[in-house]
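Here's the structure, in structure tokens; my notes come after.
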Amino acid sequence: MGLPATQLMFSLRIMTATSWVRAGTITEIVGELSSGRTSLMTACLRDVTAAGGMAALVDADGAFDPASAERAGVVLAHLLWVRCGGRRETALAATDLLARCPGWALVALDAGETPPRVSLGAAFRLRQAARRAGVALLLVGRRRVAGAGATLAVRTRRDALAWAGSRRAPTRLAGMSTRVQVLRNQGAAPSAVFGAPPGAMEEQQWWTA
């Protein structure tokens with residue numbers, strides 16, 4: 001007998017709106033620059049909007065590129081883009097407001113390199129608001145901010161680069177390999193997180209440039 005849906009181990013291979021980012025929960029993606037965190041966020045936006053859901057992206061630094069997102073499969077007609085001009089508190093307030101509005105399948109905050117400070121109490125209040133509205137929250141940035149308020153937290157790490165062109169002088173970046181490590185998975189069975197062998201909670205994903 002399989003585990004209940006809330007106890008599934010994290011897996012990129014089964015990344016769907018129900019097994020990856022779930023309504024009423026907070027998911028965090030953290031990582032260094034060029035580690036694949038934005039690509040993973042874009043994949044979430046793609047899956048939600050392509051399925052007909054409405055998503056909102058709160059962009060703290062104006063880093064979102066609509067053209068690249070559209071090429072990756074994001075349906076821009078189903079996406080609200082909120083640009084905050086580097087104002088972290090404004091970005092956090094916008095995320096809180098959107099999380100309280102029923103109708104969104106996904107609300108994502110891309111906080112970039114300097115995520116705002118969030119107290120544990122504020123994180124739990126944010127999760128409670130999302131739960132009441134049935135909204136999935138996705139927080140993306142260099143470090144974690146939600147603590148125990150997050151149901152799932154993963155870290156991305158650049159693993160390898162693939163170049164196209166001649167062997168002597170490759171000229172174009174063709175893709176990047178990212179390692180995704182689970183930092184927290186509240187819904188997983190304890191043995192899945194603590195009893196797994198090294199590397200069992202880490203997966204590799206290639207992104208095409």
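Taken to the nearest 0.5 Å, the CZ atom of Arg155 stands 14.0 Å off from the CG atom of Leu40. With rounding to the nearest 0.5 angstrom, the OG1 atom of Thr156 is 7.0 Å from the CZ atom of Arg37. A distance of 8.5 Å separates CG in Asn185 from OG1 in Thr151, rounded to the nearest 0.5 Å. Note that CG of Leu137 is 8.5 Å distant from OG1 of Thr27, once rounded to the nearest 0.5 Å. Note that CG of Leu139 is 6.5 Å distant from CG of Leu126, once rounded to the nearest 0.5 Å. Taking CG of Leu138 as the reference point, atom CG of Leu152 lies at 9.5 Å (rounded to 0.5 Å).
Among residues two or more places apart in sequence or in another chain, the side chain to side chain donor-acceptor pair (under 3.5 Å) test is passed with Arg100 by Asp96. Asp61 meets the salt bridge (Lys or Arg N to Asp or Glu O under 4.0 Å) test with Arg88; sequence neighbours excluded. Scored by the side chain to side chain donor-acceptor pair (under 3.5 Å) test, Thr42 finds no partners at all (sequence neighbours excluded). Under the side chain to side chain contact (heavy atoms under 4.5 Å, CB included) criterion, Glu70 pairs with Leu76, not counting sequence neighbours.
By the 4.5 Å side-chain criterion applied to Ile, Leu, Val, Met, Phe, Trp and Tyr, Val75 is assigned to no cluster and stands alone. Within the hydrophobic cluster formed by Ile, Leu, Val, Met, Phe, Trp and Tyr side chains joined at under 4.5 Å, directly or through other members, Leu120 is accompanied by Phe124.
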Working for side-chain contact (heavy atoms from CB on, under 4.5 Å), residues Leu79 and Val74: CA-CA 8 Å; Leu79 178 68; Val74 177; 4.2 Å; yes
Full working for side-chain contact (heavy atoms from CB on, under 4.5 Å) between Leu183 and Gln181: CA-CA 6 Å; Leu183 302 177; Gln181 177 190 11; 4.2 Å; yes
Audit row: Arg184, Gln186, side-chain contact (heavy atoms from CB on, under 4.5 Å) steps and yes/no: CA-CA 6 Å; Arg184 173 179 172 81; Gln186 189 179 38; 3.4 Å; yes
Side chain to side chain donor-acceptor pair (under 3.5 Å) evaluation trace for Thr25 with Arg22: CA-CA 6 Å; Thr25 68; Arg22 298 192 289 272; 5.3 Å; no
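Among residue pairs with one or both ends in residues 125-137, none qualify as salt bridge (charged side-chain N to carboxylate O under 4.0 Å, His left out); sequence neighbours excluded. Legend: ring pair (Phe, Tyr, Trp, His ring centres under 6.0 Å) pairs involving residues 76-106, not counting sequence neighbours, sorted by first then second residue: Phe64-Trp81. Applying the salt bridge (charged side-chain N to carboxylate O under 4.0 Å, His left out) test to pairs two or more places apart or on separate chains, none has a residue in residues 74-84. Residue pairs meeting the ring pair (Phe, Tyr, Trp, His ring centres under 6.0 Å) criterion with at least one partner in residues 125-156, sequence neighbours excluded, do not occur; the list is empty.
The hydrophobic cluster containing Met54 does not contain Leu45, counting ILVMFWY residues as joined when their side-chain heavy atoms lie under 4.5 angstrom apart, directly or transitively. Ile26 and Val82 fall within the same hydrophobic cluster, defined by Ile, Leu, Val, Met, Phe, Trp and Tyr side-chain heavy atoms under 4.5 Å apart, directly or through other members.
Counting all heavy atoms, side chain and backbone alike, Met41 lies closest to Ile29 at N-CD1, 4.0 Å. Closest heavy-atom contact between Val58 and Ala91: CG1-O, 3.5 Å. In plain terms, the two heavy atoms of Ala55 and Thr49 that are nearest each other are CB-CG2, 4.0 Å. The two residues Gly134 and Ala23 have their closest heavy-atom pair at O-CB, 3.5 Å. A pairwise comparison of heavy atoms in Ala50 and Gly73 identifies CB-O, 4.4 Å as the closest pair. Annotation for Pro116 and Glu89: closest pair CB-OE2, 4.3 Å, computed over non-hydrogen atoms.
A 4.5 Å side-chain heavy-atom check between Val107 and Leu57 finds every atom pair outside the cut-off. Here the side chains of Pro102 and Val135 are not in contact, with every heavy-atom distance at 4.5 Å or above.
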Give the table of side-chain donor-acceptor pairs shorter than 3.5 Å for residues 141-149, with sequence neighbours excluded, one pair per line with atom names and distance.
residue : atom : partner : partner atom : Å
Arg142  : NH1  : Glu32   : OE1          : 3.1
Arg142  : NH1  : Glu113  : OE1          : 2.3
Arg142  : NH2  : Glu32   : OE1          : 2.7
Arg143  : NH2  : Pro115  : O            : 2.8
Arg144  : NE   : Glu28   : OE1          : 2.9
Arg144  : NH2  : Glu28   : OE1          : 3.2
Arg144  : NH2  : Gly147  : O            : 2.5

